[in-house]
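Proteins come first, then strands; the chains are lettered A, B, ... in the order of their sequence lines, and each starts at number 1. These numbers were taken from a predicted model, which means no experiment stands behind them.
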Number of protein chains: 2
Amino acid sequence: MDQVDIFKALSNKTRLQILNWLKQPQENFPEQVEAGFSEGVCVGQIQKKAGLTQSTVSEYLATLQRAGLVKSTRVGQWTYYKRNEEAFEALSDIVKSNI
Amino acid sequence: MDQVDIFKALSNKTRLQILNWLKQPQENFPEQVEAGFSEGVCVGQIQKKAGLTQSTVSEYLATLQRAGLVKSTRVGQWTYYKRNEEAFEALSDIVKSNI
DNA sequence: AAGATATATCGACTTTTCCCGATATCCCCA
DNA sequence: TGGGGATATCGGGAAAAGTCGATATATCTT
């Protein structure tokens, strides 16, 4: 994945919002209690909050994952997404000294 | 200028290259000697190196400037562009802690 | 004042992105 | 083992971005 694709993934208001929501899953996704948050938040919760269709949100999450910005875990019928913090640190360093 | 527009400005291989070239103007634009580099590099030099048309490069530089990533100075018939390093530091911080 | 040069803007066309509905796939459970 | 729920993928129409050639604007020179 090259830098252009990372920046493209970040070039969308909804995708930026999703990343931001995933910083505080407990606050932003109160409905998801039983499953805990260690694996992340499932697609349906994110979709509901984003107010876009399921297919759009699924595609957005795939885009973020291809860029390396989130990681996913499948548990039963659910896919949980969470931030990949290492990627943000690496990107921050790139912006600071390699662009 | 919001974050989305900054990331959009960075979502293009040529624009990333231009930003990178402007980190070392002396090395990357050896033809531009007489004018010095304190004000930056003029559009024509950047265009020649990018290998795209004048209108495209001019538009790219305008995009980078709207995003705050470069600054321009008009001197006679030339417009000199240089990096706005403060913007990169600010963006690095945003990526590290605000996205 | 006129021509030359540098840059910006405009109009058009192509490619990409956005976002949807429909459908397929995967997994659970009665 | 079949129905239902969660997610992924596909196909498409609308909007935006990429890129060009042509033209406009600004400035320098003579």
Side-chain angles (χ1 to χ4, degrees), chain A residues 1-19 22 29 31-36 39-67 69-82, chain B residues 1-19 22 29 31-36 39-67 69-82:
Chain A
M1 209 62 182
D2 75 0
Q3 290 175 8
V4 171
D5 296 304
I6 295 174
F7 290 126
K8 279 186 183 172
L10 294 171
S11 296
N12 177 280
K13 197 179 184 63
T14 302
R15 287 193 296 265
L16 285 182
Q17 267 183 327
I18 291 171
L19 290 172
L22 291 178
F29 301 96
E31 288 189 44
Q32 182 164 328
V33 284
E34 68 290 343
E39 302 300 339
V41 179
C42 70
V43 179
Q45 294 295 318
I46 298 170
Q47 188 237 317
K48 194 183 301 185
K49 196 167 173 78
L52 295 172
T53 62
Q54 187 271 325
S55 62
T56 297
V57 172
S58 177
E59 179 54 39
Y60 279 6
L61 291 166
T63 296
L64 291 172
Q65 184 165 36
R66 279 193 299 272
L69 299 169
V70 300
K71 296 184 281 196
S72 73
T73 315
R74 183 107 200 193
V75 177
Q77 35 191 171
W78 292 276
T79 306
Y80 296 95
Y81 283 90
K82 66 174 170 185
Chain B
M1 210 61 182
D2 75 0
Q3 290 175 9
V4 171
D5 296 304
I6 296 174
F7 290 125
K8 278 186 182 172
L10 294 171
S11 296
N12 177 280
K13 197 178 183 65
T14 302
R15 287 195 295 267
L16 285 182
Q17 266 183 327
I18 291 171
L19 290 171
L22 291 178
F29 302 97
E31 288 189 45
Q32 182 164 327
V33 284
E34 68 290 343
E39 303 300 340
V41 179
C42 70
V43 180
Q45 294 295 318
I46 297 170
Q47 188 238 318
K48 194 183 301 183
K49 197 167 173 77
L52 295 172
T53 63
Q54 188 271 324
S55 62
T56 296
V57 172
S58 176
E59 179 55 39
Y60 278 7
L61 290 166
T63 296
L64 290 172
Q65 184 165 36
R66 280 193 299 272
L69 298 169
V70 301
K71 296 184 281 196
S72 72
T73 314
R74 181 108 202 193
V75 178
Q77 36 191 168
W78 293 275
T79 306
Y80 296 94
Y81 283 91
K82 65 174 170 184

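- In this structure the side chain of A/Phe29 reaches within 4.5 angstrom of the side chain of A/Leu22, judged on heavy atoms.
- Without hydrogens or angle criteria, B/Arg74 side chain to B/Gly76 main chain gives a donor-acceptor distance under 3.5 Å.
- In this structure, B/Phe7 places its CZ atom 20 Å from C1' of C/dT16, rounding to the nearest Å.
- In this model, the phosphate group of C/dA6 is not approached by any side-chain N or O of B/Tyr81 to a distance below 4.0 Å at OP1 or OP2.
- Rounded to whole Å, atom P of C/dT15 lies 19 Å from atom NZ of B/Lys13.
- Between the CD atom of B/Gln65 and the P atom of C/dT9 there is a distance of 10 Å, given to the nearest Å.
- Of all non-hydrogen atoms in A/Ser72 and A/Tyr81, the two that sit nearest each other are CB-CE2, 3.5 Å.
- The nearest whole Å value for the distance from the CD1 atom in A/Ile18 to the P atom in C/dC18 is 12 Å.
- In this structure, B/Asn12 does not reach the D/dA17 phosphate: none of its side-chain N or O atoms is under 4.0 Å from OP1 or OP2.
- Here the P atom of nucleotide C/dT17 and the CZ atom of A/Arg66 are 10 Å apart, to the nearest Å.
- Side-chain contact between B/Val43 and B/Ile46 is absent, with no heavy-atom pair separated by less than 4.5 Å.
- Within the 4.0 angstrom heavy-atom criterion, no nucleotide atom of any strand lies near A/Leu61.
- Between B/Leu52 atom CG and C/dA8 atom P the separation is 16 Å, expressed in whole Å.
- For the pair B/Leu69 and B/Leu10, the minimum side-chain heavy-atom distance is below 4.5 Å.
- When rounded to the nearest whole Å, the span between CD1 of A/Ile46 and P of D/dA8 equals 10 Å.
- At distances below 3.5 Å, not a single donor-acceptor pair connects side-chain atoms of A/Thr63 with backbone N or O atoms of A/Ala9.
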A correct 5'-to-3' footprint of nucleotides 21-30 of chain C, with B, S and - meaning base, sugar-phosphate only and no protein heavy atom under 4.0 Å, is BB----BS--

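- Of the side-chain N and O atoms in B/Ser11, none sit less than 4.0 angstrom from OP1 or OP2 of D/dA17.
- Atom C1' of nucleotide D/dA16 and atom NZ of A/Lys8 are separated by 13 Å, given to the nearest angstrom.
- A salt bridge is defined here as a Lys NZ or Arg NE, NH1 or NH2 lying under 4.0 Å from an Asp or Glu carboxylate O, and B/Glu59 with B/Arg66 meets this definition.
- Residue-level contact check: A/Ser58 touches the bases, meaning some heavy atom is under 4.0 Å from a base atom.
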